[in-house]
Each structure stands twice: as C-alpha cells, then as structure tokens.
Protein chains: 2
Amino acid sequence: MMSRSIWLVSGVHLGTVKKDDNVCFSLQPMTRWYIASNQTTKNTAPAEGDENATDRSSYHHGDLRRALIEAAAGLVEESGPAGFSLREVARRAGVSHAAPAHHFGSTKGLLTAVASEGFELLTAAMRQARHGVEDPADQLRAVGRAYVSVSLGNAGHAAVMFRSDIVDHDDEFFAACGLDSYGQLQQTIEAIRDTYNPDLDVELVCKLVWSTAQGIVTLHSDFGPLDERRDVRTLELTQLLDGLVDLLLDGIRPR
Amino acid sequence: MMSRSIWLVSGVHLGTVKKDDNVCFSLQPMTRWYIASNQTTKNTAPAEGDENATDRSSYHHGDLRRALIEAAAGLVEESGPAGFSLREVARRAGVSHAAPAHHFGSTKGLLTAVASEGFELLTAAMRQARHGVEDPADQLRAVGRAYVSVSLGNAGHAAVMFRSDIVDHDDEFFAACGLDSYGQLQQTIEAIRDTYNPDLDVELVCKLVWSTAQGIVTLHSDFGPLDERRDVRTLELTQLLDGLVDLLLDGIRPR
DNA sequence: AGATGGATCTTGACATCATCTAGATAATCT
DNA sequence: AGATTATCTAGATGATGTCAAGATCCATCT
C-alpha cells in the first residue's frame with residue numbers, strides 16, 4: 001500500500017502516513033491536503049451529480065464530514081458557540097443524531113475541526129495578501145485587512161478559533177494550523193524589523209499584533225452598542241487596523 | 001415608601017427607584033449599591049454567625065444571590081464557560097436545582113451578573129491603579145497591570161466578560177458596568193493626549209488598547225503551548241503590557 | 001462472481017441539563 | 001395577628017451529549 005504525504009494549505013509538510021497508520025491527525029482527511037499535494041490520490045467527493053443534496057437518497061452521504069463542518073460553522077454563525085448542538089448540526093445535514101459524533105468523536109472534536117479550517121482559511125488569506133507587496137508596512141496593513149476579512153466572512157469559524165474551552169488544544173492538526181497562521185504574521189514582522197528597526201523584538205510585536213487583531217474582531221460586535229450608548233461615532237474595523245499599524249510604526253509622540 | 005438612589009461602585013448615578021418600580025436594573029440589588037450609597041438601607045447579608053455555611057439549616061439562605069455568583073465564578077474558572085451548568089452551581093451552593101433560575105432567570109442571567117461584577121472589579125482596580133500617578137504613560141502602564149491582575153485573579157469573571165453569546169448585552173446594569181470600565185481607560189488616554197499629543201485620536205487608541213488587553217489576556221493561555229511547540233521563550237503578561245505601552249508611545253521606527 | 005472486513009450511518013437508551021409550574025416556607029408589612 | 005410578598009423546593013417536560021449495538025454500503029481479495 002502506498003504512503004501519502006500530508007501537506008497543509010500553507011505548504012507545511014506534516015508527515016507521511018501509510019495505510020492503517022493510526023496517526024493523530026487522521027481526523028481531518030478532507031481539509032488536509034486539498035490544496036498542496038504532490039502525491040497519489042486526492043480526497044475527492046465521489047458524487048458529483050447530487051451536489052447540494054442534503055436530501056440524499058443513498059445510505060452513505062458521500063462527503064458527510066465536509067457537510068457537517070459547514071453546517072457547524074453555519075450554526076455557530078447564527079446562534080453563537082453557546083447555541084451550538086450536535087443534534088442540530090445533524091438535522092441540518094439531514095443525517096441521524098449520532099452521525100456527527102461518529103466522525104468527530106464529540107462536540108469538541110467537531111468544533112476543533114471548524115477552528116482548524118478557520119486557521120487554514122486565515123493562513124491562505126494572509127499569504128495571498130502579503131504576496132507581491134514590497135513595503136513591509138503595507139504588508140502588515142494587508143495582512144491585517146486579510147485577517148479582518150476572513151473573520152467577518154467566516155464568522156462561524158472566527159467565533160470558535162480562540163475559545164480554548166471549546167476546542168481541543170492538544171489536537172495536532174489544530175496546533176499545526178495555528179502555528180501556520182502565526183508564521184505568516186511572524187514573517188511580516190520580521191520584514192518590518194529588517195527594514196525599519198533591526199533591534200525590534202519580533203516575538204513581542206507578533207504577540208501584540210495578534211492579540212490586538214483578535215481583540216478587535218472579538219470586541220467589534222460589542223463596540224457597536226457601546227458606541228451607541230455613548231453617542232459616539234463608530235470606527236470601522238479597517239480604520240482600527242490601519243490606526244494600529246500607524247501607531248505601531250510611529251508611536252503616539254510626534255516627531 | 002421611600003425611594004432609593006442607585007449608584008455604581010464607580011460613582012455613577014444610575015437613577016432612583018421607588019417601591020414597586022419595575023426598573024430594568026432591578027436584577028442585581030446586591031452588587032449595585034454595595035459601595036456608594038448615600039441613602040437609606042444597604043443590602044446587607046442578615047446572618048453573620050453562619051458565615052461560610054453552605055450547610056445552612058434554615059430554609060432561607062440569607063445571601064443566596066451572592067453565594068450563587070461566587071459559585072458560578074468558581075465553576076467557570078474550573079471548567080470554563082462550556083462546562084458551566086446552573087444545576088452544578090445550585091449543588092455547590094447547597095440549594096435546590098431551580099433556585100438559581102429564580103434569582104437570575106436563566107443561565108444567561110447568572111453569567112451576566114458574573115460578568116457585571118467582573119467589570120466592577122476591573123473598574124475599581126483601574127481607578128485605584130491610576131490614583132496618585134502623575135505621568136500619563138505610567139498611568140497607562142499601571143492601568144494595564146491592573147487589568148491583567150484582575151483578569152488573572154478572577155479568571156472566572158474574566159472568562160465570561162466578553163462573550164457576547166453567553167451574556168445579555170441588553171442588560172442595563174451590565175452595560176453600565178462596561179461603560180464604567182471603559183471610562184477609566186478613556187480618562188487615561190485623554191491624559192496621554194493632553195501631555196504628549198493634542199491631535200491624538202483618543203477613541204481609536206482606547207479601542208486599540210482595550211482590544212489588545214483583552215486579546216492578551218484571552219490568548220495568554222494559548223501562547224504558552226504555542227511557545228513550547230516553537231521552542232521559544234515565553235513572555236510574561238507584564239512584559240507584553242509594558243511592551244505595548246512603549247511601542248504605542250514611541251513606535252517601531254527609531255528616532 | 002461471491003465472500004469478507006471495514007467504514008459509514010442509524011437506532012435506541014441513559015444520564016444530565018434548562019426551564020416551567022405549582023407548592024411549601026420564611027420574612028415583612030400593616 | 002393576619003395578610004402579603006419574597007424565597008426556595010419539588011416535579012415534570014423536552015432537548016442534549018454520549019455510548020452501545022445494529023444495519024447498510026463499499027472496497028478488496030480470492
């Protein structure tokens with residue numbers, strides 16, 4: 001039996017598995033090599049005719065894992081992580097109430113898969129945003145916008161990605177996806193260091209920017225009502241991001 | 001029947017209520033005026049003898065609301081918001097399974113009370129931290145440390161304060177507490193503006209700092225394992241905070 | 001082609017949970 | 001003292017996560 005090389009969207013090689021390998025990241029076969037794979041067979045959905053067929057007539061769904069992740073993300077987007085339920089996900093996918101648990105083990109397993117996919121989307125968007133931009137400052141701006149764009153465009157994923165009580169942090173695939181995203185930011189900050197300030201503490205800035213971005217996205221929905229109460233203009237997310245970059249580069253004190 | 005003046009810990013006057021007034025913030029009588037109240041009776045716990053007596057023998061608990069909030073905060077601290085359950089809170093307080101719902105209406109109600117108390121603690125800590133510090137930059141540093149200190153010392157509260165799906169954002173008391181905390185930060189940033197840069201966009205900086213602080217605290221537990229994986233030194237929270245202040249003041253580009 | 005093993009999904013059951021209603025008990029007001 | 005209100009309990013209901021056992025389909029081997 002041939003072995004398969006496992007790659008993340010971002011190009012990181014996770015390892016190889018042979019048949020009957022019981023590796024830790026065997027939980028997400030669908031999403032893992034769906035972009036970068038120089039090997040063997042891809043994991044394609046078999047049925048092409050019945051596309052959006054949740055009303056499948058066959059016993060087997062075809063790509064239930066994918067459908068469950070999408071249903072889960074949609075449900076979280078609508079009802080928040082608190083309103084999430086495995087049974088509702090199953091209902092939306094048109095399968096029995098225990099089907100999700102078979103694929104993901106538990107609630108945590110499914111949400112971990114959603115979160116992992118969120119990081120994959122984020123990594124891809126960040127890479128694409130950086131591509132072809134020379135000025136590191138502009139790169140950072142672009143990365144920030146990509147971050148916001150992914151978070152707003154995939155609210156279900158975003159709502160889950162940083163909730164350590166809901167997600168399994170020991171999951172290898174999840175951790176790899178997270179590190180991948182972090183790497184994109186890190187490369188950007190390193191470019192800034194090389195261009196602007198060789199003494200820059202990359203690690204520190206990375207964590208600050210990451211925290212801020214996460215905070216901005218998380219709190220954005222809270223700021224709205226808050227601003228209304230105070231009768232204050234509401235800042236757009238992009239304004240916040242650009243403001244952050246400007247402040248980080250030049251500081252509060254005028255030159 | 002006399003009327004009562006309602007004050008927040010922070011000194012903000014919320015309004016007055018008469019008997020039988022069905023005001024929106026009638027849900028949290030215990031916490032509301034427990035510091036600043038220039039009127040009438042305070043809401044004191046009647047029983048002094050049986051202090052930590054969850055094994056009360058009397059039918060009435062005495063200060064069940066308080067006990068429930070504490071039990072809830074403790075439970076969240078142990079199991080995270082996902083592991084929270086009204087019945088477990090009731091169990092810890094030694095009362096029947098439906099008692100919490102009577103006081104707080106629902107899960108959301110109890111968690112909203114916890115979150116509100118978290119903001120009260122935060123406001124008090126921030127105010128105390130600012131007190132007597134002249135240099136606005138030092139003030140900001142002090143406020144940041146207070147923020148971190150409160151978040152780490154009250155992990156249960158902190159884990160709930162920004163989760164908009166778990167907490168009732170329309171609750172007037174909660175909103176007032178949040179605005180109060182925000183006000184403390186705002187005053188600090190205004191001082192920085194007055195001292196360092198009259199053109200500073202206070203609103204922007206406030207939101208950025210708030211987001212960053214929240215992000216730092218939220219992600220702190222995630223950064224640890226992440227750093228281990230990358231074999232990188234772990235930054236202390238205070239280092240992050242101080243680094244943030246320095247960067248905000250002077251920026252990345254050297255002068 | 002036919003059998004076999006494994007993966008996929010269903011069914012049923014169980015304990016737990018939030019919430020609702022009705023009732024019991026204590027405190028307060030008049 | 002009597003009535004009213006606030007506090008808490010008890011029971012019931014529907015929904016949920018998880019487990020175990022079974023049904024169905026698919027891939028592989030002979």
Side-chain angles (χ1 to χ4, degrees), chain A residues 1-2 19-22 26-27 29-30 41 43-47 54-68 71-72 75 79 81-112 166 168, chain B residues 1-2 19-22 26-27 29-30 40-41 43-47 50 54-68 71-72 75 79 81-112 166 168:
Chain A
M1 176 55 54
M2 61 187 141
K19 165 141 178 135
D20 296 335
D21 252 10
N22 195 11
S26 66
L27 280 176
M30 292 298 171
T41 61
N43 211 348
T44 57
T54 54
D55 55 342
R56 83 229 137 64
S57 51
S58 71
Y59 192 89
H60 278 19
H61 182 282
D63 198 351
L64 182 55
R65 173 181 293 272
R66 183 100 282 280
L68 288 174
L75 178 54
S79 322
F84 179 84
S85 109
L86 276 186
R87 286 172 117 102
E88 175 61 23
V89 168
R91 233 168 274 135
R92 293 187 177 204
V95 291
S96 81
H97 64 94
H102 171 261
H103 279 273
F104 300 96
S106 65
T107 305
K108 207 169 205 172
L110 177 48
L111 291 182
T112 302
I166 286 178
D168 179 17
Chain B
M1 177 52 55
M2 61 187 137
K19 167 144 174 131
D20 297 333
D21 251 8
N22 195 12
S26 65
L27 280 174
M30 291 298 173
T40 67
T41 60
N43 211 348
T44 57
D50 53 348
T54 55
D55 55 341
R56 82 231 140 64
S57 51
S58 72
Y59 192 89
H60 278 19
H61 181 280
D63 199 351
L64 183 54
R65 172 181 293 270
R66 183 99 283 282
L68 288 174
L75 177 55
S79 322
F84 180 84
S85 109
L86 276 186
R87 287 171 116 101
E88 175 61 25
V89 168
R91 234 168 273 136
R92 294 188 176 204
V95 290
S96 80
H97 64 95
H102 171 260
H103 279 273
F104 299 96
S106 65
T107 305
K108 207 169 204 173
L110 176 46
L111 291 182
T112 302
I166 285 177
D168 179 16

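As a basis for the values below, the full set of heavy atoms in this structure was taken, side chains included, without hydrogen atoms, waters or symmetry mates. Numbered from 1 within each chain, the chains take letters A, B, ... in sequence-line order.
The salt bridge (Lys or Arg N to Asp or Glu O under 4.0 Å) check on A:R87 picks up nothing, with sequence neighbours excluded. Every residue meeting the side-chain contact (heavy atoms from CB on, under 4.5 Å) condition with B:A72, not counting sequence neighbours, appears here in chain and number order: B:F84, B:V89, B:L110, B:V114.
Atom CG of B:D168 sits about 11.0 Å away from atom CG of B:L111, to the nearest 0.5 Å.
For the pair A:A90 and A:H97, the tightest heavy-atom approach, listed with the atom from each and the gap, is CB-CA, 3.9 Å. Closest non-hydrogen pair, B:K108 versus B:I166, comes out as CG-O, 3.1 Å. Contact record, B:S106 with B:L86: C-CD1, 4.1 Å, taken as the closest heavy-atom pair.
Remark: C1' of C:dA27 and CG of B:L64 are 15 Å apart, rounded to the nearest angstrom. We find that CZ of B:F104 is positioned 10 Å from P of D:dC8, with the value rounded to whole Å. Rounded to whole angstrom, the span from the CG atom of B:L111 across to the P atom of C:dA18 amounts to 10 Å. Between B:H102 atom NE2 and C:dA24 atom P there is a gap of 16 Å when expressed in whole angstrom units.
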In 5'-to-3' order, the base (B), backbone-only (S) or no-contact (-) status of each nucleotide in nucleotides 13-18 of chain D, using a 4.0 angstrom heavy-atom cut-off, is ---SBB
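Listed pair B:H103 / D:dC8 meets the phosphate criterion, a side-chain N or O lying under 4.0 Å from OP1 or OP2.
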